[in-house]
2 protein chains.
Amino acid sequence: MKRDMNCPPFQKTEEKIKEAAKKVFLEKGFDGATSRDIAEAAGINIALTNYYFRSKEKLFMNIFEDMIQLFFEGSVQILNKPISLRDKIVELIEHDFELMKKNPNLVIFIMNEVHRNPERLVKAIGYIKQLHHTLFKVQVQEAIDKGEIRPVNSLNLMTMIVASVQFLFVSKPMHMQIWQMSEAEFDQFTINQKRLIIDMVTSYLFETEKA
Amino acid sequence: MKRDMNCPPFQKTEEKIKEAAKKVFLEKGFDGATSRDIAEAAGINIALTNYYFRSKEKLFMNIFEDMIQLFFEGSVQILNKPISLRDKIVELIEHDFELMKKNPNLVIFIMNEVHRNPERLVKAIGYIKQLHHTLFKVQVQEAIDKGEIRPVNSLNLMTMIVASVQFLFVSKPMHMQIWQMSEAEFDQFTINQKRLIIDMVTSYLFETEKA
DNA sequence: AATCATTTTAAATATTTGTTTAAAAAAACT
DNA sequence: AGTTTTTTTAAACAAATATTTAAAATGATT
C-alpha cells in the first residue's frame, strides 16, 4: 500500500512511538527504559515497537542519532558563522543555554550513553568530523597573532566554554538538592551563571593590557 | 560467633563484594549492573550479595554513600582551610583534577544516579549541609569588599570552577572519540586544560585594574 | 462486494532478572 | 571429641524482560 501522507490532525504511529521513546529514553536511559514503558507512554500495543523498529536497540539508535544531531548541529553552524570572534563566543554560549533549557536532560543522556557504549558514536561520526576544521579555530589563531586576545589553544577554550554551560544542566538535580532550589530559582541561577560565563571568558580573552 | 578481626592476607567477603560492586556500579550504573555481574566480579556465589547486604538496592546505597563522601569530603575541607583565596582556588582545582584522575567515572556515575533518582541524595544530606556555610564564601565577600577581586557571587564562581573541571571527565569518552585522542593524549589535554582554568579564573578575579 | 496488503492486538516465547531456600561446608565454641 | 553458629553453595523461585506469533481489525484497490 502506498504511504498515506495526509492526516495532519492525527499522529502517525511511528511518530508516536519515536516521541514516546525519546521521552522515556531521555528520562531513564537505555538500561532503565523498558519496551513496556515506551509502549505505555505512546499509548500503543507493545508489539508495535518491534513492528516499526525491529528491536529496542534499533529504536534507541534512531533516537540517539537524532539527539546527537540536535546536540551538535546548532553549535557547528555558529562556529562557522561569518561574525566576529567576540560575538561568536557570546552566541555560542547563548545558543547552548537555550538548547539546554529546552532539553534539560539531553547532555546527561548523551554523556551517559556514550560512557556506557562509546561505539555508538561511530554511527554519528558525520557530525563529529565537522568539528575538526571550523572558522572559529581560524579566528582564534588570527586574533592571537594580532594580539587581540590572550594566547590560548582554541580546543581548550572551546572545552572550557562548553563545560561551563553544559555541566550546569548535567548537575541540575544535584544542584537543586544541595542548594534547595525550586525550578524557578534554578532558572534564575542559570541566567546569572550565563552572565558570569560570558563575562569571565570575554574578559579573560580580550582584556590584554596585562601580561 | 564473634567477628574475626585478624586475617590481613585474605580479603573479607563483605569487602570483596563492596569492591566488586563499586567497580560494576561505576561502570554500568544501577540499572545496567546485575547481581550476577557483581558476584562474578567478586568471584563469589550470587546468594552471598544478598546474605551480606539485603538487596541490590541496599548494596547500591552502601556504595553510593561512599561515593558521595568521596565526592564531597576533599572539597569541603579545602573550602574551609585557613589559606588565601587565591591559593584556595588553585588548590580546589588541583584537588578536583586529582580526584577525577583517580576516579574517572565518579562524576558521571553520581550525576546519572541523582538524575534518575534524586531522593537518593537525601540520605547523604549530611555532607551537603556542610556546603552552605564555608570559609570560602566569607573570603570571597571580604575580597570583594576590599576591592581585591571583581564582584562575583561565590556560588556562581564555585559552580563555574567545578563545572570546568568535572565536565572534562564527564565528557571524556565523547571527547576522546571526537578528537581521536588516546588515553595518554587525553591526559596531556587535561593538564593543559587545568592550566587554562586556573589562569582564566584567577586572571578574571584578580586583574581588577579595569572596570 | 471481494480481495488484498497493512496495521493492530492478545497471547505466548525463551531469557534474564532479583531474591529465596535448604542443604552443605567451614569455623567457633564447649 | 561433639555441638552450635556462621558462611557458602547449588538450585529453585516468581516476576520482568525483549521479542515473536498468529489471528483479528483496518484500510485500500479492484
Side-chain angles (χ1 to χ4, degrees), chain A residues 1-64 112-113 116-117 119-120, chain B residues 1-64 112-113 116-117 119-120:
Chain A
M1 193 189 59
K2 265 193 311 183
R3 260 214 168 256
D4 185 5
M5 283 315 202
N6 51 350
C7 44
F10 305 117
Q11 202 179 10
K12 304 237 57 175
T13 306
E14 197 173 321
E15 277 309 310
K16 275 203 296 185
I17 297 174
K18 276 198 70 169
E19 200 173 291
K22 178 188 165 185
K23 185 177 177 311
V24 175
F25 278 139
L26 281 180
E27 257 173 25
K28 307 190 175 188
F30 180 81
D31 291 325
T34 72
S35 302
R36 281 165 181 80
D37 283 339
I38 295 169
E40 191 180 7
I44 51 127
N45 189 282
I46 321 163
L48 279 183
T49 63
N50 276 12
Y51 175 76
Y52 283 98
F53 308 84
R54 298 158 43 89
S55 67
K56 182 189 176 187
E57 177 76 27
K58 293 251 172 55
L59 174 55
F60 174 82
M61 281 309 293
N62 194 312
I63 306 291
F64 181 73
N112 197 50
E113 297 302 340
R116 297 270 192 275
N117 213 335
E119 312 88 78
R120 279 170 174 159
Chain B
M1 191 189 62
K2 265 193 308 184
R3 255 205 170 267
D4 185 6
M5 282 315 205
N6 51 352
C7 46
F10 303 118
Q11 202 178 10
K12 300 235 59 173
T13 307
E14 197 172 322
E15 277 310 310
K16 273 203 298 187
I17 296 174
K18 277 199 71 169
E19 198 172 294
K22 178 186 166 185
K23 184 176 178 310
V24 175
F25 277 138
L26 282 179
E27 257 173 26
K28 308 192 175 187
F30 180 80
D31 291 326
T34 72
S35 303
R36 283 166 179 79
D37 282 341
I38 296 169
E40 192 179 8
I44 49 124
N45 189 280
I46 320 164
L48 280 184
T49 63
N50 277 10
Y51 176 76
Y52 282 98
F53 308 84
R54 298 159 42 91
S55 67
K56 182 191 176 187
E57 177 76 27
K58 293 254 174 47
L59 173 57
F60 174 81
M61 281 308 295
N62 194 310
I63 305 292
F64 182 72
N112 196 51
E113 298 301 341
R116 299 269 192 273
N117 212 335
E119 313 89 79
R120 278 169 175 162

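These numbers come from a predicted model, not from an experiment. So you know, we letter chains A, B, ... as the sequences are listed, proteins then strands, and number each from 1.
Rounded to an integer number of Å, the gap from B/Glu57 CD to C/dT17 P is 17 Å. Nucleotide D/dA18 holds its P atom 13 Å from the CZ atom of A/Phe60, rounded to whole Å. One atom, NZ of B/Lys12, and another, P of D/dT7, lie 7 Å apart when rounded to the nearest Å. Separating the NZ atom of B/Lys56 from the C1' atom of C/dT17 is a distance of 8 Å, rounded to the nearest angstrom. A/Glu40 has its CD atom 14 Å from the P atom of C/dT9, to the nearest Å. When the P atom of C/dT16 is taken as reference, atom CZ of A/Arg36 falls 16 Å away, rounded to whole Å. Taking atom CD1 of residue B/Ile38 and atom P of nucleotide C/dG18, one finds them 8 Å apart after rounding to whole Å. If you measure from atom CG of A/Asn50 to atom P of C/dT13, you get 18 Å, rounded to the nearest angstrom.
A salt bridge links A/Glu27 with A/Lys23: the closest approach of a Lys/Arg side-chain nitrogen to an acidic carboxylate oxygen falls below 4.0 angstrom. Electrostatic pairing of A/Lys28 and A/Asp37 counts as a salt bridge here, judged by a charged N lying under 4.0 Å from a carboxylate O.
At the heavy-atom level, A/Ala33 lies under 4.0 Å from the strands shown only through sugar-phosphate atoms. As judged by a 4.0 angstrom heavy-atom cut-off over every strand, B/Thr49 is placed among residues making no nucleic acid contact.
Comparing C/dT9, D/dT8, C/dT20 by their closest approach to the side chain of A/Ala47 singles out C/dT9. Counting only heavy atoms from C-beta on, A/Ser35 has its side chain closest to D/dT19 among D/dT20, C/dT7, D/dT19. Taking only side-chain atoms of A/Leu48, from C-beta outward, the nucleotide of D/dT7, C/dT9, C/dT19 with the closest atom is C/dT9. The nucleotide whose nearest atom lies closest to any side-chain atom of B/Tyr52 is, among D/dT7, D/dT17, C/dT17, D/dT7. Of the candidate nucleotides D/dT19, C/dT7, D/dT8, C/dT7 has the atom lying nearest to any side-chain atom of A/Tyr51. Listed nucleotides C/dT19, C/dA10, D/dT20 differ in distance to B/Ser55; the shortest reach to its side chain belongs to C/dT19.
B/Thr13 has a side-chain polar atom (N or O) that falls below the 4.0 Å cut-off from OP1 or OP2 of D/dT8. The side chain of B/Asn45 contributes an N or O atom lying less than 4.0 Å from OP1 or OP2 of D/dA10.
Within the 4.5 Å cutoff, the side chain of B/Leu59 has heavy atoms near those of the B/Phe25 side chain.
Nearest heavy-atom pair across B/Ala39 and B/Ile46 is CB-CA, 3.8 Å.
Of the possible polar contacts, one joining the A/Lys56 side chain to the A/Phe30 backbone as a donor-acceptor pair under 3.5 Å is found.
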